[in-house]
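The next block holds one structure in the form of structure tokens; read it before the comments.
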Protein chains: 2
Amino acid sequence: MTDASRERAAGRRRPRQSDIARVAGVSQAAVSLILRGTPSGMALARETRQRVLDAAEELGYVPDPVATRLASARNAMLGLYTFSTTFPTDVAHSYYPVLAGVEEEAAAQGQDLILFTGSARAAARAQDPAAVRRVRVADGCLFFGRHVPEEPIRRLVEDGFPFVYIGRRDEPGVPYVGADYVPASAQVVARLVAAGHRKIRYLREHDQAPASADREEGVLKGAREAGLDTRGLVAPTDGADADALLGGWLAEGVTAVVVEQTDTGAALAGLGAAVGRAGLDCPGDLSLAVLGAATGTRGRAPGGGAAFSGFDVPMREMGRDAVRLLLELIAGSPGAATRRLLPCEPVEGGTIAAPRPPKKHT
Amino acid sequence: MTDASRERAAGRRRPRQSDIARVAGVSQAAVSLILRGTPSGMALARETRQRVLDAAEELGYVPDPVATRLASARNAMLGLYTFSTTFPTDVAHSYYPVLAGVEEEAAAQGQDLILFTGSARAAARAQDPAAVRRVRVADGCLFFGRHVPEEPIRRLVEDGFPFVYIGRRDEPGVPYVGADYVPASAQVVARLVAAGHRKIRYLREHDQAPASADREEGVLKGAREAGLDTRGLVAPTDGADADALLGGWLAEGVTAVVVEQTDTGAALAGLGAAVGRAGLDCPGDLSLAVLGAATGTRGRAPGGGAAFSGFDVPMREMGRDAVRLLLELIAGSPGAATRRLLPCEPVEGGTIAAPRPPKKHT
DNA sequence: GAGTTTCACTAATACGTATTAGGTCCTTGA
DNA sequence: TCAAGGACCTAATACGTATTAGTGAAACTC
């Protein structure tokens, strides 16, 4: 009776393996074995096999993916949990290439993605642990975003749930795929020094993220290795005080500025505008370098068409590698390196030149 | 013994209702009833209910969507199937705002999204029906993309699976949320006519998509209503022959060109370049109008900073409305209009002006 | 010709949740 | 004191497939 009413409601009911079994005169198990492929050492008579295949074809059988996944432990779905909206409003958002990489690799590996949209509500209710816990519906999960509620994540670590963070993390035991900012940032400073700059400033945002800390560390490392004075080297900004900062630096004889590029891009935008307002030529009057222009969103230098000098963050590759690592964790591969830093590609660009001969000094 | 070995193998197993039941000292059925909500006329003691809820919280229980789906038919997950990569390589891709709208509304409705990444392989294997079939793990599915394999879709219609197409479709019975291009396109022509133009051309791409057909229909409608000659009005292009077309039109005394804007943007890009090479001033020498600039990607007119005149496609709202419609279909709402066209917002822009007094005629 | 293998398949059960049909106790009314 | 009813919960089963253990029969071994 229930069956009949369901058939009425949904038109013709989808044929199942048991229907095929009835038609072909075999058991449901035989149908499953034949359609799925016999595991090993199992043999089915050629004729029976054909009868089942014919019946399946005739009935228009389609396996139910839900049942398939219930029966086998995996569901070939990877979670993607972002701590802001996944599709940001700002098209030029720097997250974007990472997501593209994630999708690309997931598709290549035959995995679907579950986008957890709880972010908005989770943010509203301040760290609702249930929101993060929901990711367990997937085989594993990728986390992405600068600011993360730590408590729910720790919970996942404890439970042994497979997940990978995109971006370096400080917490022990958290697998991640990040960018290797330290050497890349040091190398940018080295390039400025090689071009003749001795008075350099580093403009960074007010931010506690590991990515920011690493860049600063790299800049300091590069400065020390070149024998530069690191006092006053680092200047945090919110993007609004750029004019004052720039004026001060020019007065001090600064010839090059390194800028941190993050998802908001506030520091770079602020400085770029200030350079424009001051009527400075770049790189004629001032050399600029950017730490981590987002691939595909690469800003244009104030002067004209040339790209900023600095390095690119391998966003796409981070996304891809995170998927690979996650799948290894899910599979339980023992030898996998669970904390990975990918190298950043240097960008030649056109915003570094030799400094003008200093007036005071000559 | 089996349980124990599995626990060892996979670390700690995900908690199930039966685990909660054991902890709380009730049956699995009671757990399901309490967590899911008692149907009607069922009463559970307040104290028992609390014990179960506490145990669930303590164990970090999350319902298995696959099992949920198999047993009932809801899992609060909507599928999103795109017939190209979901995160396109081109950041300025016009699909983007639609996806943002989908995510926004899904989050608002407490639904997660399943991104089906089969697209790549499906495209490779030319219309593999299995790829589309995967969507059935979700409660319903959104389809998005200009070119769609029709056969698998028809299959879903037959099976009564709830889905919504983003973009108008010709096939009968397919629910969709699209943009109402016909009146919007006609209105653009009317605006040109009102500005004094009588010789107009419409540049469209070689494309069979309904969206293209609708725009052309609207342009023709607008032309007829203004009493214009529609012969030679429509010109398809691949973007490469723009110089020749433009030259011919100028010789004919054409004073305004309407351009179709699609996801590739080839037609507009080609014409814009041709206008530049011909040294024409827009709108001084030639008025331009664009049918459907993508929100957020709005092109700039060749002359300078002004936006193209024309209309905007309500991409974001289409995404949102598609989610709403899909949820209605899933809920089985009887009165829902299943085929919706949203109005396009006119864009004033700066590329329409009165035509120069024609030389030949005067 | 008793024992062993191989073949070809089936029975049974797991996967995790939803749902329905009861089953116990406890209170209440007559 | 017995029946009726309600409150509270459990047993049983369904959902559709995967998988393992096992079964009967034929074929082979010595």
Side-chain angles (χ1 to χ4, degrees), chain A residues 1-7 10 13-22 24-52 56 59 61-76 136-137 139, chain B residues 1-7 10 13-22 24-52 56 59 61-77 133-134 136-137 139 159:
Chain A
M1 197 63 78
T2 308
D3 268 19
S5 68
R6 200 165 339 102
E7 279 197 40
R13 196 176 44 42
R14 284 171 30 138
R16 317 170 269 194
Q17 290 188 347
S18 56
D19 297 320
I20 299 177
R22 194 162 5 86
V26 295
S27 69
Q28 175 268 324
V31 174
S32 174
L33 289 171
I34 288 169
L35 294 182
R36 194 96 232 280
T38 53
S40 68
M42 269 251 178
L44 280 298
R46 187 169 301 273
E47 193 228 350
T48 308
R49 181 183 303 272
Q50 195 55 52
R51 229 168 47 235
V52 167
L59 294 175
Y61 171 76
V62 167
D64 181 339
V66 177
T68 305
R69 284 169 186 172
L70 216 216
S72 46
R74 298 276 155 71
N75 63 10
R136 307 183 73 134
V137 301
D139 292 337
Chain B
M1 194 60 82
T2 308
D3 269 17
S5 67
R6 200 163 340 100
E7 281 198 39
R13 204 170 74 301
R14 262 172 56 168
R16 316 171 272 193
Q17 289 188 349
S18 56
D19 297 320
I20 299 177
R22 195 163 4 86
V26 296
S27 70
Q28 175 267 325
V31 174
S32 175
L33 288 172
I34 289 169
L35 295 181
R36 197 99 229 282
T38 54
S40 67
M42 267 250 178
L44 280 297
R46 187 168 302 271
E47 193 227 350
T48 308
R49 181 183 302 271
Q50 195 56 53
R51 231 171 44 235
V52 166
L59 294 175
Y61 172 77
V62 169
D64 181 335
V66 177
T68 304
R69 175 62 197 227
L70 183 59
S72 67
R74 291 290 150 76
N75 56 14
M77 292 193 183
R133 247 185 261 134
R134 300 184 75 173
R136 305 188 74 125
V137 290
D139 291 337
D159 293 353

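Computation of the quantities below employed the complete heavy-atom set of this structure, encompassing side-chain atoms and omitting hydrogens, waters and symmetry-equivalent molecules. Below, chains carry the letters A, B, ... as their sequence lines are ordered, and counting in each starts from 1.
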Query raised in the report: Counting N and O atoms only, with roles assigned by atom type, does the side chain of A:Ser72 sit under 3.5 Å from a partner on the main chain of A:Thr68, one being a donor and the other an acceptor?
Result: yes
Report task. Would you mind telling me which of C:dG16, C:dT19, D:dT17 lies closest to the side-chain atoms of B:Leu33? Result -> C:dT19
**Report entry** Of the listed nucleotides D:dT17, D:dC9, C:dT17, the one nearest the side chain of B:Gln17
**Finding:** C:dT17
Query raised in the report: If you check every side-chain atom of B:Ala71, which of D:dT17, C:dA18, C:dC9 has the closest atom?
Result: C:dA18
Report summary line: Of D:dG16, C:dT10, C:dG16, the nucleotide closest to the side chain of A:Ala30 is C:dT10
Query - Nearest-Å distance for atom pair CG/C1', residues A:Leu35 and D:dG16 - result: 13 Å
Query - Selected nucleotide, minimal atom distance to A:Arg36 side chain, candidates D:dT10, D:dA18, C:dG16 - result: D:dA18
Requested in this report: Figure out the CZ/C1' separation between B:Arg69 and C:dC15, and round it to whole Å.
Outcome: 17 Å
Query raised in the report: A:Arg22 CZ to C:dT10 C1': how many Å, rounded?
Result: 17 Å
Query raised in the report: Are OP1 or OP2 of D:dC9 and a side-chain N or O of B:Thr48 less than 4.0 angstrom apart?
Result: yes
Report task. Could you check which of C:dA8, C:dT19, C:dG16 has an atom nearest any side-chain atom of B:Ser32? Result -> C:dT19
Report summary line: Rounded to the nearest 0.5 angstrom, the CG-CD distance for A:Leu33 and A:Gln17 is 9.0 Å
Query raised in the report: OP1 or OP2 of D:dT17 less than 4.0 angstrom from a side-chain nitrogen or oxygen of A:Thr68, does that happen here?
Result: no
**Report entry** Salt bridge flag under 4.0 Å for residues B:Arg69 and B:Asp64
**Finding:** no
Query - Under 4.0 angstrom between A:Ser72 side-chain N/O and D:dA18 OP1 or OP2 - result: no
Query raised in the report: Can you check the A:Leu44 CG to D:dT19 P distance for me, whole Å?
Result: 14 Å
Requested in this report: May I have the distance from A:Arg16 (atom CZ) to D:dC15 (atom C1'), rounded to whole angstrom?
Outcome: 9 Å
Query - d(CD1, A:Ile20; P, D:dG16) in whole Å - result: 13 Å
Query raised in the report: Hey, are the side chains of B:Val26 and B:Ile34 touching, using non-hydrogen atoms and a 4.5 Å cut-off?
Result: no
Query raised in the report: Just how far, in rounded Å, is C1' of C:dA8 from CZ of A:Arg49?
Result: 11 Å
Report summary line: The nucleotide from D:dC8, C:dA18, C:dC15 with an atom nearest the side chain of B:Ala45 is D:dC8
**Report entry** Spacing of A:Leu70 atom CG relative to D:dA14 atom C1', expressed in whole Å
**Finding:** 12 Å
Query raised in the report: Hey, does A:Val26 reach any base, or is it just sugar-phosphate, or nothing, if we go heavy atoms under 4.0 Å?
Result: sugar-phosphate
Requested in this report: Establish, with yes or no, whether the OP1 or OP2 oxygen of D:dA18 is under 4.0 angstrom from a side-chain nitrogen or oxygen of A:Gln28.
Outcome: no
Report task. Evaluate the side-chain proximity of A:Leu44 to A:Val52: yes if any heavy-atom separation is below 4.5 Å, no if none is. Result -> no
Query - pair B:Val31-B:Tyr61: side-chain heavy atoms closer than 4.5 Å - result: no
Report task. For B:Ala29, answer base if it contacts any base atom (sugar-phosphate contacts may also be present), sugar-phosphate if it contacts only those atoms, and nothing otherwise; contact means non-hydrogen atoms under 4.0 Å. Result -> base
